[in-house]
Trainee: 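Below you'll find the structure I mean.
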Amino acid sequence: LNYTFNCMSTTLLTIDDNNCSAHAIKGIALLYLGKINEAIKELIKSNNIVEASSVLNNIGIAYLNIKMYEEGLQWLIT
């Protein structure tokens with residue numbers, strides 16, 4: 001993780017675009033915060049770098065949380 005702290009803007013954290021773990025962690029954190037659409041974007045970024053079953057499951061759970069059941073099941077079953 002590349003940390004960038006700036007009290008005068010909304011940017012609190014920047015992530016190396018090639019770090020799949022960082023995207024996965026950020027996605028899970030956003031999921032817990034209820035920021036589902038943002039979580040999905042981060043989790044998909046992680047999955048595009050390296051596919052992991054835990055990330056696929058979290059993407060599925062995120063879609064289920066916003067009642068996109070078919071999309072969610074596709075990620076869970078993959």
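Below, all heavy atoms of this structure are taken into account, side chains as well, without hydrogens, waters or symmetry copies.
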Trainee: Can you name the nearest heavy-atom pair linking His23 to Asp16, along with the distance?
Mentor: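 Scanning both residues, the minimum pair turns out to be NE2-O, 3.7 Å.
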Trainee: For a side chain to side chain contact (heavy atoms under 4.5 Å, CB included) check, start with the C-alpha distance between Asn65 and Leu31, then their side-chain angles and the critical distance, and finish with the verdict.
Mentor: CA-CA 9 Å; Asn65 277 317; Leu31 189 58; 3.9 Å; yes
Trainee: Got a second to check how far Asp17's CG is from Asn48's CG, nearest 0.5 Å?
Mentor: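 So the CG of Asp17 and the CG of Asn48 are separated by 12.0 Å.
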Trainee: About how many Å separate CD1 of Ile25 and CD of Glu42, when rounded to the nearest 0.5 Å?
Mentor: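 Going from the CD atom of Glu42 to the CD1 atom of Ile25 covers 11.5 Å.
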Trainee: Ala62 and Ile40: which non-hydrogen atoms are nearest, and at how many Å?
Mentor: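 Taking Ala62 first and Ile40 second, the nearest heavy atoms are CB-CG1, 3.5 Å.
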Trainee: To the nearest 0.5 Å, what is the distance between CD (Glu70) and OH (Tyr63)?
Mentor: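 OH of Tyr63 is found 13.0 Å from CD of Glu70.
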Trainee: If every non-hydrogen atom of Ser46 is compared with every non-hydrogen atom of Val55, which pair is closest and at what distance?
Mentor: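 Reported closest heavy-atom pair: OG-CG2, 3.8 Å.
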Trainee: Which pair of non-hydrogen atoms, one from Ala39 and one from Gly27, has the smallest distance, and what is that distance?
Mentor: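 Scanning both residues completely, I find the closest heavy atoms to be CB-O, 3.3 Å.
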Trainee: Quick test of your reading of the model: are Glu38 and Lys41 salt-bridged, counting only N-O distances below 4.0 Å?
Mentor: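 So Glu38 does not pair with Lys41 through a salt bridge.
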Trainee: Pick from Asn58, Asn57, Ile59: which one makes a side-chain contact (heavy atoms from CB on, under 4.5 Å) with Leu76?
Mentor: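 One option only clears the test, and that one is Asn57.
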Trainee: Quick check: do Asn47 and Leu43 have side-chain heavy atoms less than 4.5 Å from each other?
Mentor: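 No, side chains not in contact.
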Trainee: Ile28, Ile66: one ILVMFWY side-chain cluster at the under-4.5 Å cut-off?
Mentor: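 Looking at the clustering, Ile66 is in the same group as Ile28.
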Trainee: Are Leu33 and Ile44 connected in a single hydrophobic cluster, I mean Ile/Leu/Val/Met/Phe/Trp/Tyr linked by side-chain heavy atoms less than 4.5 Å apart?
Mentor: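 Shared cluster, no.
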Trainee: Say whether Leu30 and Met68 are linked into one hydrophobic cluster, either directly or through other cluster members, by side-chain heavy-atom distances under 4.5 angstrom.
Mentor: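 Cluster IDs for Leu30 and Met68 differ.
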